[in-house]
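Quick note on labels: first sequence line is chain A, next is B, and so on, each numbered from 1.
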Protein chains: 2
Amino acid sequence: MFYLIGLGLGDATDITVKGLRALERCSRVYLEAYTSVLTVGKEALEEFYGRELIVADRELVEQQADRILEDARETDVAFLVVGDPFGATTHSDLILRAVQAGVPYKVVHNASIINAVGVCGLQQPLYTFGETVSLVFWTDTWRPESFYDKICKNREAGLHTLCLLDIKVKEQSEENMMRGRKIYEPPRFMTVAQAADQLMQIVQRRRGEGEELGLTEDTLCVGVARLGADNQAIRVATLQQLVSCDLGGPLHSLMVTGQLHPLEVDMLQLSAETSLLQSLQVLDGSTYWS
Amino acid sequence: MFYLIGLGLGDATDITVKGLRALERCSRVYLEAYTSVLTVGKEALEEFYGRELIVADRELVEQQADRILEDARETDVAFLVVGDPFGATTHSDLILRAVQAGVPYKVVHNASIINAVGVCGLQQPLYTFGETVSLVFWTDTWRPESFYDKICKNREAGLHTLCLLDIKVKEQSEENMMRGRKIYEPPRFMTVAQAADQLMQIVQRRRGEGEELGLTEDTLCVGVARLGADNQAIRVATLQQLVSCDLGGPLHSLMVTGQLHPLEVDMLQLSAETSLLQSLQVLDGSTYWS
């Protein structure tokens, strides 16, 4: 049996009892380590699960998936994924390969960022969020802006937007890649402040071109870090204010609000910057913030 | 401490280790029992958790929340929710009351329907799903159709739609309510077949009025039941075919597809009706189904 097991958000104890029992039966346990991370490292997971974990980087999963599935018809193999196996990143490809190889599979679900964002106070993530977007680290030559337009489209429809922020793990520099050297850069995780800064740059550039803006420096946003962990952080502030915020270690996510319901306003006040409190109190459900 | 603990989907073992440990410390444990259900009943949960559970119906939660929070400053109280506490239904109101009463709270997240839908083969639920809709049981005098328009709007943008289906638990008949008799109807859970039937009725009525249709009897849909449980069921078929499907016991959900990616087509084939297989094989990512 091939088990795809979600680890949830937070720490080692966020695994489900079902997931832990399945993992204990397995002869090999892989840990997917390039699309997300927990607040604790591999060693803490190994200690709590009582099992040695094999780190699965992008290369192993995308190019040598057969090695992962090897002998999974005769024995049990687990593949652990932070969050839910079908949350922000899907692992459909592994399942298709399992089916083709005649390997039966089971999925053990867990929390992912999409339901956890509700904790910051934006109500009913399923109903009031539009399409999710991803922000990538800009380079000197690649500065995509399409996520900005998607956020504006969601806001036009009154919907909030969840922005997933870039993760670079085991990436090679251009030079090392060209020279075929397997030397990897230190991991990088985009912060809420970096994401807000990219959005501010787009706002300023487009304003300079006289464009009408659907998202400005005064738009109400929510920055979150390490959701589900004991030291999770939530910051409710304008886009501009978030540029200088420090929410600590990874992972960070950013929400841009659309239309706010009165109950959402009440919830947001629990984490709002003091300067926002008064303005938030006069908002009502029929009004856009900013 | 007031703990809001997600139970996930499936059975008693889908609770997280963190949730189970918190629950074991509590002096009272409530089970929210009106917005969702697991495939196992209260007794199975009590046996596995080793704790007596107090069933919390809508009346208790919405009108007597203070009873739930009573003495939670001095002792630990848990409130269990199927799925995630901030998934399909939020319990923001309980949190606001806790804060007002000076009761500290913690949320233990878990899987909810939104990430689990990925298992049916529709890729990256966060990116390719538009706004979620709810279908309610129609009555003789109340037959809302707004969800149909939202599905069409999502499809126009190439996005899939998750349809959450109605649950009626501890509802009174109109007569019993008027007479103030606390007699409750048996619980009802909308099936995929009933949901497909409602959509078909809208299609037929609107076609009769000469409307251009964004969703027809030939639109590709996915019916799912008991996601996360060992006996979960997934049926890929046209809307019309789903009218006569039987996916067994609750809970059911329905997905209406938008634009399909080639990898999604491959995944959907794993659960597709035989008659659909050939058509699915000739689909490509740039084409709408139907």
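Remark: B:Arg226 engages B:Asn231 in a side chain to side chain donor-acceptor pair (under 3.5 Å) (not counting sequence neighbours). Scored by the salt bridge (Lys or Arg N to Asp or Glu O under 4.0 Å) test, A:Arg73 finds no partners at all (sequence neighbours excluded).
Contact of B:Asp230 with chain A is made through the side chain alone, with heavy-atom distances under 4.5 Å. Contacts between B:Leu20 and chain A at a heavy-atom distance below 4.5 Å involve the side chain alone, from C-beta outward. Of the atoms belonging to B:Lys150, not a single heavy atom falls under 4.5 Å from chain A.
Between the CG atom in A:Leu159 and the CD atom in B:Glu131 there is a gap of 5.0 Å [rounded to 0.5 Å].
Taking every heavy atom of both residues into account, B:Thr13 and A:Thr16 meet most closely at O-CB, 4.0 Å. Taking every heavy atom of both residues into account, B:Gly228 and A:Lys18 meet most closely at O-NZ, 3.3 Å.
When the shell of 6.0 Å around NZ of B:Lys42 is examined, it contains more than 12 heavy atoms from other residues, nucleotides or ligands. B:Glu47 CD: 12 or fewer foreign heavy atoms inside a 6.0 Å radius.
When side chains are defined from C-beta on, B:His109 does not count as touching A:Leu227, because their heavy atoms never get closer than 4.5 Å. Two residues are said to be in side-chain contact when any heavy atoms from C-beta on lie closer than 4.5 Å; A:Phe129 and B:Thr132 fail this criterion.
The residue among B:Asp266, B:Ile15, B:Leu4 with the most heavy atom pairs within less than 4.5 Å of chain A is B:Ile15. The candidate with the highest count of non-hydrogen atom pairs below 4.5 Å against chain A, out of B:Val108, B:Asn154, B:Val107, B:Asp11, is B:Asp11.
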Next on the checklist: Working note: B:Asn110 + A:Asp14, criterion side chain to side chain contact (heavy atoms under 4.5 Å, CB included); need CA distance, chi angles, decisive distance, verdict.
Outcome noted: CA-CA 8 Å; B:Asn110 210 321; A:Asp14 284 291; over 6 Å; no
